[in-house]
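First up is the structure itself, then whatever we jot down about it.
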Amino acid sequence: MKVAAKWNDRWQRITASPYFVYVIVAPLALVLWGYVVQPMLATFLASVQDSSGFTLKYYRGFFSLNSTQMEALLTTVGISVLSVITCAVVGVSMAVLLNRFEFPGRRLLESLILVPMALPPLIGIYAFQFLYSSSGIIPRALKVLFDLPQVPFALKGLTGVLVVHTFTMYPYFYTSAAAALAGFDPSLEEAAYNLGARRWQVWTRVLLPMLTPALVAGSLLTFMVSMASYTAPLIFGVDRIMTMQIAIARTNGDLALASAEATVLSVVSIAFLVLMRWYQNRRTYRSLSKGVSVHRTEVKSPVGKILAMVASIFGTLILILPVLVLVLVSFSKDGSWTVQVLPPKYTLDNYITLFTSSRAWRPIRNSLAMSALATVGSILLGVAAAYALNRFKFKGKSLLDVAVMIPWALPGTVVAINLIAAFNQPSVFTFGKVIVGTFWILPLAYFVRFSPLVFRSTNATLAQLDPSVEEAARSLGATWWYSFRRVTFPLMFRGVLAGALMAFVQGVGEFVASVLIYTARNQPISVEINNLMYSFKFGTAAAYGVLQMLLILVAIYISNRLEQRQNLA
């Protein structure tokens with residue numbers, strides 16, 4: 001007993017020391033340096049070297065007039081900016097419609113508005129191709145219905161990429177704008193009207209400024225995801241996009257050129273992140289009033305109700321069509337759907353094969369195992385980083401915060417190139433092994449890409465917890481570890497679990513980094529879906545996609561339940 005008491009006293013003195021924080025921060029800094037910062041530096045160094053030594057020829061070629069890379073950069077930035085604009089229009093409009101007005105069909109549309117979030121990027125884009133490409137259901141149906149010589153329209157090229165981005169990324173604006181509108185004080189709007197302001201002045205001077213943080217958040221996510229977009233350009237045949245140029249250079253074995261392109265794309269993405277944060281922080285967008293949250297206005301005009309109902313039904317159909325088509329195609333017989341409007345033959349064999357064939361189950365097992373490994377690492381890093389940044393003061397705190405979030409600004413192709421450049425030779429961070437071309441490269445890529453999800457979710461939850469609760473446990477004699485394990489961690493567990501679930505399902509559906517660094521041994525579901533699509537096995541590919549979608553729906557459901565319980569607590 002005396003030994004235990006002496007050890008507890010010594011441990012309390014250690015944890016009370018102002019230097020104890022570095023016991024936590026040092027491993028974090030080492031991990032972030034080894035797997036985030038150092039791979040970025042390795043990519044940059046690879047881009048300024050060739051067989052003769054130091055060179056800037058790849059950057060000179062990149063920024064020369066009329067170069068393919070410069071055209072790809074401008075196209076990427078342009079499509080990203082257009083995606084932000086179109087997603088903002090759709091997302092904010094739907095948020096205003098569903099959160100400001102009451103009309104028949106509103107609740108149904110509100111339930112279905114976030115359906116695109118359940119579609120994994122790869123299979124979601126294929127669902128749009130099933131619907132709207134030149135061989136898609138709707139163009140073919142219109143051709144047959146009106147006896148046209150050719151399909152009246154088809155999604156392709158940059159237009160196809162922009163449409164897919166709009167329909168899959170607008171939830172980023174909708175969720176943030178809907179949350180902002182839900183907490184908006186109507187007394188501000190009423191006061192503006194009482195002072196003689198017109199409707200457009202109220203919208204531009206009152207409502208939109210209060211939505212600025214939500215618009216900035218949506219813009220950040222949309223721009224980042226659009227800059228990282230690889231699947232849509234791949235499927236719609238757009239190769240003058242930065243992610244495609246990186247993949248082409250990597251496929252051709254030109255790692256130096258791919259590294260230069262990845263470096264430029266990283267700089268642009270991080271610069272946009274800094275710019276948007278600066279814009280958001282330069283003003284205060286906080287209401288000082290004490291009114292109730294916004295109320296919905298009943299649509300009393302008969303014409304308005306009809307228009308609202310029509311818009312609701314049309315919007316609902318647009319939203320759920322990709323999901324319905326994906327489920328329909330998942331029951332189609334492989335190879336039977338050629339020129340027909342709808343698949344002519346249906347079967348249950350696609351799903352039976354997934355769960356009975358060892359070969360078909362292997363990609364599922366690989367994705368689940370690799371994503372689980374990455375999620376465990378993400379939890380350790382995310383929880384430790386969130387706790388250190390919220391509870392301690394130390395030198396380099398801002399640098400640690402930036403380092404944790406850098407992977408969120410990096411496209412998947414860039415992360416893949418960074419890991420290739422850093423770990424294609426033995427490294428102390430890989431225990432003297434070469435991991436490029438091995439099973440472990442993909443779990444590491446997932447860990448790097450999705451750790452910020454766990455960090456952000458945990459950080460948001462921890463920021464709401466009063467430190468005095470933990471301090472009270474310490475004052476009653478509890479050690480730091482005991483108070484963290486029995487008091488702090490249980491209170492922030494919901495945030496940790498929500499972030500971990502999202503990181504897990506994102507890993508299961510990840511394609512962009514996977515397609516550049518996977519091997520036959522660790523081939524994930526997303527790569528298998530892509531291979532099946534190119535083999536015209538649409539039914540089996542769609543069945544894989546439905547399985548992915550169900551995993552995401554379960555994760556979203558659990559996260560929402562956790563959030564509801566936390567709000568009620």
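Throughout, residue positions are numbered sequentially from 1 according to the sequence presented.
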Would you indicate whether the side-chain heavy atoms of [Y] and [X] approach each other to under 4.5 Å?
| X | Y | result |
| --- | --- | --- |
| S371 | T375 | yes |
| T222 | C87 | yes |
| Y126 | L326 | no |
| E510 | P524 | no |
| Q69 | L257 | yes |
| L234 | F511 | yes |
| M370 | P443 | yes |
| L381 | V454 | no |

Atom [atom1] of [X] and atom [atom2] of [Y]: how far apart are they, to the nearest 0.5 Å?
| X | Y | atom1 | atom2 | result |
| --- | --- | --- | --- | --- |
| L162 | I79 | CG | CD1 | 4.5 Å |
| T231 | M244 | OG1 | CE | 10.0 Å |
| M70 | M242 | CE | CE | 10.0 Å |
| I517 | I441 | CD1 | CD1 | 5.0 Å |
| Y544 | I529 | OH | CD1 | 8.5 Å |
| T338 | F538 | OG1 | CZ | 9.5 Å |

Practice task
Classify the side-chain pair Y446/S514 by whether it contains a donor and acceptor separated by less than 3.5 Å.
Solution key: yes
Exercise for the section: Could you verify whether a donor N or O on one side chain and an acceptor N or O on the other, from T86 and H165, lie under 3.5 Å apart? Expected result: no
What are the two closest non-hydrogen atoms of [X] and [Y], and how far apart are they?
| X | Y | result |
| --- | --- | --- |
| V415 | A445 | CG1-O, 4.3 Å |
| Q38 | A422 | OE1-CB, 4.0 Å |
| T263 | S47 | OG1-OG, 4.2 Å |
| V268 | V77 | CG1-CG2, 4.2 Å |
| V36 | A403 | CG1-O, 4.1 Å |
| V84 | S219 | CG1-OG, 3.7 Å |

Handout entry: Passing option when L516 is tested against T413, T243, L419 for side-chain contact (heavy atoms from CB on, under 4.5 Å)
Key = T413
Ignoring hydrogens and geometry, is there a side-chain-to-backbone donor-acceptor pair from [X] to [Y] under 3.5 Å?
| X | Y | answer |
| --- | --- | --- |
| S67 | F62 | yes |
| S226 | S83 | no |
| N252 | I248 | yes |
| T458 | G382 | no |
| Q49 | T55 | no |
| N366 | Q523 | yes |

Problem - salt bridge (Lys or Arg N to Asp or Glu O under 4.0 Å) partners of residues 229-240, not counting sequence neighbours, each pair once - result: E71-R240
Exercise for the section: Check whether more than 12 heavy atoms from other residues, nucleotides or ligands sit under 6.0 Å from atom OH of Y59, and answer yes or no. Expected result: yes
Handout entry: Over 12 foreign heavy atoms within 6.0 Å of CZ, F536
Key = no
Exercise for the section: Check the pair F447 / V31 against side chain to side chain contact (heavy atoms under 4.5 Å, CB included), numbers first and verdict last. Expected result: CA-CA 11 Å; F447 163 74; V31 170; 4.0 Å; yes
Exercise for the section: Could you check I123 against M549 for side chain to side chain contact (heavy atoms under 4.5 Å, CB included), going step by step and ending with a plain yes or no? Expected result: CA-CA 9 Å; I123 199 64; M549 186 175 65; 6.0 Å; no
Exercise for the section: With side chain to side chain contact (heavy atoms under 4.5 Å, CB included) as the test, would you mind laying out the steps for S135 and R140 before giving the verdict? Expected result: CA-CA 6 Å; S135 59; R140 281 184 176 180; 3.4 Å; yes
Exercise for the section: Would you please indicate yes or no on a ring centroid separation below 6.0 angstrom for F450 and F504? Expected result: no
Exercise for the section: Classify the angle between the aromatic ring planes of F128 and F167 as parallel (below 30°), tilted (30 to 60°) or perpendicular (above 60°). Expected result: tilted
Exercise for the section: Report the C-alpha distance between F423 and Y35 in whole Å, list the side-chain angles of each, state the deciding distance to 0.1 Å, and finish with yes or no for side chain to side chain contact (heavy atoms under 4.5 Å, CB included). Expected result: CA-CA 10 Å; F423 302 127; Y35 302 112; 3.8 Å; yes
